[in-house]
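Numbering of ligands and ligand atoms starts at 1, following listing order. Throughout, numbering of the chain's residues begins at 1 and tracks the sequence. The shown structure was predicted, so the numbers you read here are calculated from the model rather than taken from an experiment.
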Amino acid sequence: MFIDILKKEKHSKEDLIELLSAKDKDQELLFEYAEKVRLEHTGNKVYLRGLIELSNICAKNCFYCGIRRSNSHVHRYDLSDEEVFSAAKYAYEQKYGSLVIQCGELTSKKFTDRIARLLKGIKEISNDDMRVTLSMGEQSPDVFKEWQEAGAHRYLVRIESSNRGLYEKIHPKDELHSYDKRLQSLKDLRAAGFQVGTGVMIGLPFQTLDDLASDLIFMRDIDIHMVGMGPYLEHHDTPLYQYKDILLPQNERFELSLKMVAILRIIMKDINIAATTAMQTIHPHGRMMAIKAGANVFMPNITPGEAREDYNLYENKPGTDKSPEDYLKSVEERISKIGYHLAIGEMGDSLHYLRGKDKFTN
Ligand code: 5AD
Ligand code: SF4
């Protein structure tokens, strides 16, 4: 019986494939069960993070990404320090509790020094009372350490796909895009004491349910603290666009992404899972549906000004026509409507991280 698989203590790859294949009644059961697990283990809170897209300048050339280095059609931008500080101040005053700073991957000393400087400034602005997540790719252990000491608490590096062969198909074959380096970064981040996040894209060309089940097992095996994942969305200015005709239809990629969130919640009960922008791009209520399926983190984009138009990893990325205050209010209303509570003023550390830390230090 499907319910017996759901209730298992530890799921095998075959179990996970079965859950990913759920249809109709079984699919409903999966979502209901995930919601139950979530309410039991993380309550009805949804944590807020203010998302700052610092810059779309990137040294890498991932085959799927709209802001890859070789895409000359992108208008490149880099926020000024003042813009970053004013966004951070805004998040602090609005009691967001945490910030996520995301940008393309660069490794120059000029860049890494700047991030350290920004982190110190944000720490000052927020009286050291706000958590900061960085998402800026693979860096050396020394840089991770430097950034952590400067004030970063969390770090997200997506594995994109845990299947090495698939990873290599969607990235150029060179030192800059090495699967082993990506894995090593996840290890280095943990060693540096970060709350560590990863994630995958769902519905990539050549990806199978077996791959997605392996992705879930990968996250469980490395005992990850936070996850951000969503559907792969084709971008016409990228090499992977040539496979657009062999992709699952967008609605199926969306459904599969919701199932991934639900199953991840069931197998990793107390981690933080984000309702990602990619979910919203594919469905107007995508993020709310992700919350219902088990996600407990919501990240309003607080990138100032026109920069927001240019962080186009994929096409049709939603913007917002509301003022930030009105937007937050509407988010709060929508989250209440589905029975959840926007945890304004809370930093929202991963319970999984906090518990692991207790285990470690006691
Ligand atoms: N579709 C969906 N997600 C994408 N990302 C990059 N390009 C795409 C795309 N075309 C995601 C990757 C990356 C993060 C910054 O955005 O997972 O790690
Ligand atoms: Fe750069 Fe990240 Fe896009 Fe790859 S996915 S090209 S590292 S911004």
Side-chain angles (χ1 to χ4, degrees), residues 51-74 76-78 100-107 111 133-139 155-163 166-172 174-179 181-183 185-186 189 196-205 207 212 215 218-219 224 226-244 247-248 250 253-254 256-257 260 274-283 286-287 290 299 301 303 307 310-318:
L51 173 64
I52 302 177
E53 292 163 337
L54 173 67
S55 166
N56 63 0
I57 302 169
C58 187
K60 282 199 169 174
N61 240 338
C62 308
F63 289 153
Y64 43 86
C65 177
I67 63 170
R68 62 199 300 273
R69 186 186 67 222
S70 298
N71 184 4
S72 57
H73 298 126
V74 179
R76 304 285 169 177
Y77 75 88
D78 192 10
V100 175
I101 309 178
Q102 181 176 316
C103 59
E105 189 174 315
L106 297 174
T107 50
F111 173 77
T133 305
L134 298 181
S135 178
M136 27 198 79
E138 296 154 30
Q139 304 287 342
Y155 203 107
L156 183 89
V157 181
R158 290 187 176 182
I159 190 74
E160 314 296 0
S161 169
S162 64
N163 176 332
L166 182 53
Y167 187 94
E168 288 172 356
K169 273 204 183 96
I170 61 172
H171 294 98
D174 60 30
E175 265 302 281
L176 200 56
H177 299 84
S178 137
Y179 179 80
K181 279 200 181 150
R182 176 87 25 147
L183 274 185
S185 286
L186 285 165
L189 284 163
V196 187
T198 195
V200 294
M201 285 179 283
I202 299 151
L204 284 163
Q207 191 179 44
L212 291 171
D215 289 344
F218 172 83
M219 294 176 206
I224 203 75
M226 6 182 254
V227 170
M229 59 184 174
Y232 161 68
L233 299 161
E234 61 274 36
H235 188 298
H236 67 276
D237 270 334
T238 62
L240 222 56
Y241 193 68
Q242 63 184 298
Y243 301 113
K244 66 177 190 321
L247 298 173
L248 286 174
Q250 286 213 348
R253 271 178 264 164
F254 177 69
L256 204 47
S257 303
M260 284 289 283
T276 55
T277 315
M279 299 290 276
Q280 187 79 9
T281 305
I282 219 169
H283 190 292
R287 282 185 297 187
M299 308 193 294
N301 191 341
T303 307
D310 293 315
Y311 206 83
N312 290 322
L313 304 167
Y314 38 80
E315 289 169 49
N316 306 317
K317 196 164 153 267

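- In this structure, the protein non-hydrogen atom closest to atom 15 (C) of ligand 1 is L313 CD1, 3.9 Å.
- C58 and R76 get closest at one heavy-atom pair: N-NH1, 4.3 Å.
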From CA spacing to verdict: side-chain contact (heavy atoms from CB on, under 4.5 Å), I170, Y243: CA-CA 11 Å; I170 61 172; Y243 301 113; over 6 Å; no
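- Atom-to-atom distance recorded for N312:CG and L233:CG is 11.5 Å, nearest 0.5 angstrom.
- Closest to atom 5 (N) of ligand 1 among all protein heavy atoms lies M201 SD, 3.9 Å.
- The shortest separation from a heavy atom of S135 to ligand 1 is not under 4.0 Å, leaving the residue out of contact.
- Distance screen at 4.0 Å: atom 2 (Fe) of ligand 2 has no protein heavy-atom neighbour inside the cut-off.
- Here's the thing with E234: none of its N/O atoms is less than 3.5 angstrom from an N/O atom of ligand 1.
- The distance criterion of under 3.5 Å between nitrogen or oxygen atoms is not met by Y232 with respect to ligand 1.
- Taking the six-membered ring where tryptophan is involved, the planes of Y241 and H236 are perpendicular, since the angle between them exceeds 60° and thus also 30°.
- Distances below 4.0 Å separate heavy atoms of P231 from the following atoms of ligand 1: 2 (C).
- Within ligand 1, counting atoms from 1 as listed, the ones closer than 4.0 Å to a heavy atom of C65 are 7 (N).
- In terms of polar-atom proximity, defined here as any N/O pair under 3.5 Å, G66 makes no such contact with ligand 1.
- T303 and N301 are linked by a side-chain donor-acceptor pair at a separation below 3.5 angstrom, with hydrogens and angles left out of the test.
- Residues M136 and Y155 approach most closely at C-OH, 3.3 Å, considering heavy atoms.
- At least one heavy atom of E160 sits less than 4.0 Å from an atom of ligand 1.
- Atoms of ligand 2 found under 4.0 Å from any heavy atom of Y64, numbered from 1 in the order shown, are 5 (S).
- Under 4.0 angstrom from ligand 2, there are no non-hydrogen atoms of N56.
- Counting atoms of ligand 2 from 1 in the listed order, those under 4.0 Å from a heavy atom of C62 are 4 (Fe), 5 (S), 6 (S), 7 (S).
- Side-chain atoms of T133 and M299, non-hydrogen and from C-beta on, never get closer than 4.5 Å to each other.
- Nearest heavy-atom pair, M279 versus G230, reported as atom, atom and distance to 0.1 Å: SD-CA, 4.3 Å.
- Side chains of L247 and P205 form a contact here, defined as non-hydrogen atoms less than 4.5 Å apart.
- When non-hydrogen atoms are compared, ligand 1 lies under 4.0 Å from the side chain of R158 (C-beta onward) but not from its backbone.
- With a 4.5 Å cut-off on side-chain heavy atoms, T238 and C65 do not count as touching.
- With salt bridges taken as basic N to acidic carboxylate O contacts below 4.0 Å, one links E105 and K60.
- Among protein heavy atoms, atom 7 (N) of ligand 1 sits closest to Y64 CD1, 3.3 Å.
- Put simply, C58 stays out of reach of atom 4 (Fe) of ligand 2, with no N, O or S atom under 2.8 Å from it.
- Of all protein heavy atoms, the one lying nearest to atom 1 (N) of ligand 1 is L233 N, 3.0 Å.
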